[in-house]
Novice: 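Got a structure for you, written out below as structure tokens; questions coming shortly.
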Amino acid sequence: MSFARRAWAVTWKDVLVERRSKETLNALVFFALLLLFAFQFALGPDRDRLAQAMPGLLWLGFILSGLLGLGRTFVTERENDCWEALLLTPGDKSAVYVGKLAGNLLLMFTVEALLIALFAVFFNVDLSAALPALTLVVALGTVGLAAVGTLFAAMTANIRARELLFPILLLPVQVPVLLGTVKATEAVLAGEPLAAVAQWLKLLVAADLIYVVSGLLTFDFILEG
Amino acid sequence: MMPDNWGYVAAAYALALVMFGGYWRRLRTRERQLRTPPSRRRGR
Amino acid sequence: MRTKRTKFLAGGVVIAAALAYMIYAGVTQSAVYFVTPSELTQAPVAGKAYRLGGMVVKGSLRWEPRTLDLAFAISDGKATVPVRHKGTPPDLFGEERGAVVEGSWTPDGYFKATTILAKHSEEYKAPHDEGQASPKELMKTLKGPGA
Amino acid sequence: MATASRVLGWLAALGLAGGLAMGFGVAPRETTQGFVQRIMYLHVPTAWVAYLAFGVVFVASIVYLARRTDAADRVAHASAEVGVVFTGLTIAAGSIWGKPTWGTWWTWDARLTSVAVLFVMYLGYLLLRGMIEEPERGARYAAVLGIIAALDVPLVHFSVYWWRTLHQPPSVMKPGAPTMPPVILATLLVNVVAFTLLYLYFVTKRVELLRREQEARLA
């Protein structure tokens with residue numbers, strides 16, 4: 001089988017599992033709703049303050065739901081004793097990485113689109129003008145987050161303190177992506193053009209490239225045994 | 001002009017002494033533990 | 001084995017190129033960390049949080065040790081902004097030195113600082129060297145991209 | 001290895017004594033900052049060693065994944081541990097230097113933040129090592145993390161640099177002549193050499209310990 005076919009098989013398997021159980025997606029949507037409540041209670045009804053804090057809150061929501069979702073990447077395989085099956089995948093294991101990464105991106109984009117919509121409705125902000133730029137910025141940030149997240153999820157899958165170790169390892173590494181994407185989101189939501197945040201976009205592109213390629217190269221070593 | 005602030009300098013160098021000394025002592029203790037026979041190390 | 005080798009070589013080249021590009025962009029980019037007095041006076045927004053950087057104007061510094069009221073002016077050679085602060089300034093803070101203040105512009109026409117940070121230049125001088133770093137050099141430090 | 005470590009230890013002690021003597025005896029009182037500038041002779045060398053240590057982790061991790069030699073893994077492990085000690089000291093000494101000169105213990109300034117991120121990243125590295133029981137798997141995972149973390153360092157550096165900065169630009173590691181008188185520069189260099197020797201001493205000692213621990217485990 002070709003590389004793309006093998007990667008697609010992994011993604012399709014995860015999508016099927018998710019479609020049948022809706023376990024992760026349901027939980028994440030519910031979690032996103034709760035986050036909205038929490039932000040609303042913490043910040044009160046002050047519209048100006050909310051608008052100022054919005055980029056940060058939005059990303060806080062993405063990160064927290066991302067940590068939950070990404071951390072579960074290999075849980076199905078662990079729980080159903082399919083880890084060995086993954087190990088037995090013929091040929092280059094980076095196909096498994098690409099497949100899992102694609103599945104995670106799908107999941108995160110869904111949750112993010114939902115969160116943005118909920119934010120727009122509940123906090124009564126008009127995002128339509130900023131939407132194309134916002135999509136680009138959020139997508140670039142999400143790719144970086146998911147690329148390292150998928151790799152680290154595989155790394156921590158067999159460790160007892162998995163839920164603890166995963167964010168501890170992931171968050172410091174993600175500092176550049178988070179800084180870049182939050183700053184860019186801030187500018188985009190304030191109505192500035194993409195050119196104003198060109199340096200952050202460059203950083204995000206470089207970071208995404210480095211993360212994805214290093215994930216491809218090192219995933220083999222993690223799925224060795 | 002700035003006052004001497006020698007207290008800050010002393011604090012910084014004292015901290016360095018404590019940290020390096022502490023790490024050195026930790027290494028020494030481990031070394032000694034490894035030198036004792038394995039039978040006695042079990043109870044550690 | 002051979003394909004594996006090419007994979008690592010190609011991946012390594014991509015990563016190295018991305019890093020090199022990043023470093024190139026990082027060194028050439030002169031980002032703005034704070035607004036200068038001329039930028040602030042052009043369009044001050046009352047209540048908005050700023051970081052304001054510049055030189056403390058000679059003869060403008062007043063400190064009342066009993067009430068801890070500190071007043072001075074910050075300039076970048078073109079415009080001057082009056083600053084007020086409550087608290088003890090850092091030791092390195094002084095007239096004709098660089099400083100960055102965090103705070104907000106008030107409608108009453110002065111900058112209300114919440115934090116004062118003395119910015120020192122990367123010049124280190126032995127006592128027998130002549131004089132202080134010139135104000136011009138300090139301004140350069142304040143603005144310089146460095147890295 | 002053990003004798004090499006001992007020789008390095010004595011050399012480091014000698015170098016540190018020389019560095020202290022130069023820092024407090026030979027180097028003059030700096031004009032703007034005064035006496036407190038002498039923290040620089042501690043802060044700058046430890047910061048250099050911190051980056052050096054994590055560079056060594058990076059190279060040793062690659063060597064381990066390519067050749068699977070236990071020695072490379074031990075070097076990576078030891079270097080990360082010693083690097084964390086030096087990074088912690090860099091942050092603490094820098095903070096103590098910052099209070100009298102900038103007027104604050106801590107500020108989310110670029111280089112302070114990036115070193116702090118580095119510190120947390122490698123603490124996580126050591127935590128991961130500690131949590132995996134099988135030595136071979138632990139070494140493999142740690143090597144992957146060491147590589148990713150090291151590749152991340154330039155990104156962290158520039159991202160926080162663009163974010164905000166208060167730290168003076170580097171005085172030595174930049175194009176053109178260093179912006180300090182020769183005496184201060186010489187003192188700094190002596191201290192850099194001394195702290196590098198101290199790092200090498202610690203690493204060789206720790207590597208030796210790790211080797212013996214492994215032998216004891218196998219016995």
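Quick note on labels: first sequence line is chain A, next is B, and so on, each numbered from 1. Every heavy atom of this structure was used, including side-chain atoms; hydrogens, water molecules and symmetry mates were not.
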Novice: Using the test salt bridge (Lys or Arg N to Asp or Glu O under 4.0 Å), find all partners of D:Arg212 that sit at least two apart in sequence or belong to another chain.
Specialist: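 Here the qualifying residues are B:Glu31, D:Glu208.
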
Novice: Do you know which of A:Ile168, A:Leu217, A:Val173 has the most heavy-atom pairs under 4.5 Å to chain D?
Specialist: A:Val173

Novice: Say you draw a straight line from OH of A:Tyr211 to CD1 of D:Ile148; how long is it, rounded to the nearest 0.5 Å?
Specialist: 8.5 Å

Novice: Run the numbers on A:Leu169 and D:Tyr141 for side-chain contact (heavy atoms from CB on, under 4.5 Å), then give the verdict.
Specialist: CA-CA 12 Å; A:Leu169 295 183; D:Tyr141 286 14; over 6 Å; no

Novice: Of the backbone (N, CA, C, O) and the side chain (C-beta and beyond), which part of A:Leu151 lies under 4.5 Å from a heavy atom of chain D, both, or neither?
Specialist: side chain

Novice: Find out whether D:Leu128 and A:Ile159 are in side-chain contact, i.e. whether some heavy atom of one side chain is under 4.5 Å from a heavy atom of the other.
Specialist: yes

Novice: Quick one: what part of D:Ile132 sits under 4.5 Å from any heavy atom of chain A, side chain, backbone, both or neither?
Specialist: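 Contact with chain A is through the side chain of D:Ile132 alone.
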
Novice: Taking side chain as everything from C-beta outward and backbone as N, CA, C, O, which of these in A:Phe219 sits under 4.5 Å from a heavy atom of chain D? Side chain, backbone, both or neither.
Specialist: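 Looking at A:Phe219, nothing touches chain D.
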
Novice: For the residue pair A:Asn158 and D:Arg137, establish whether any side-chain heavy-atom pair is separated by less than 4.5 Å.
Specialist: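 In contact.
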
Novice: Indicate every side-chain donor-acceptor pair of residues 82-94 of chain D with a distance under 3.5 Å to a residue at least two apart or in another chain.
Specialist:
{"unit_1": "D:Thr87", "atom_1": "OG1", "unit_2": "D:Gly83", "atom_2": "O", "d": "2.5"}
{"unit_1": "D:Thr90", "atom_1": "OG1", "unit_2": "D:Thr46", "atom_2": "O", "d": "3.3"}
{"unit_1": "D:Thr90", "atom_1": "OG1", "unit_2": "D:Thr46", "atom_2": "OG1", "d": "3.3"}
{"unit_1": "D:Thr90", "atom_1": "OG1", "unit_2": "D:Ala47", "atom_2": "N", "d": "3.3"}
{"unit_1": "D:Thr90", "atom_1": "OG1", "unit_2": "D:Phe86", "atom_2": "O", "d": "2.8"}

Novice: Considering only heavy atoms, which portion of D:Leu65 lies under 4.5 Å from any heavy atom of chain A: side chain, backbone, both, or neither?
Specialist: both

Novice: Under 4.5 Å from any heavy atom of chain A, what part of D:Glu134 do you find: side chain, backbone, both or neither?
Specialist: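 For D:Glu134, there is no contact with chain A at all, as no heavy atom is under 4.5 Å.
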
Novice: Which atoms of D:Leu118 come close to chain A, meaning under 4.5 Å heavy atom to heavy atom: side chain ones, backbone ones, both, or neither?
Specialist: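 Neither part, no heavy atoms under 4.5 Å.
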
Novice: Any heavy-atom pair between the side chains of D:Phe158 and A:Pro176 that's under 4.5 Å?
Specialist: no

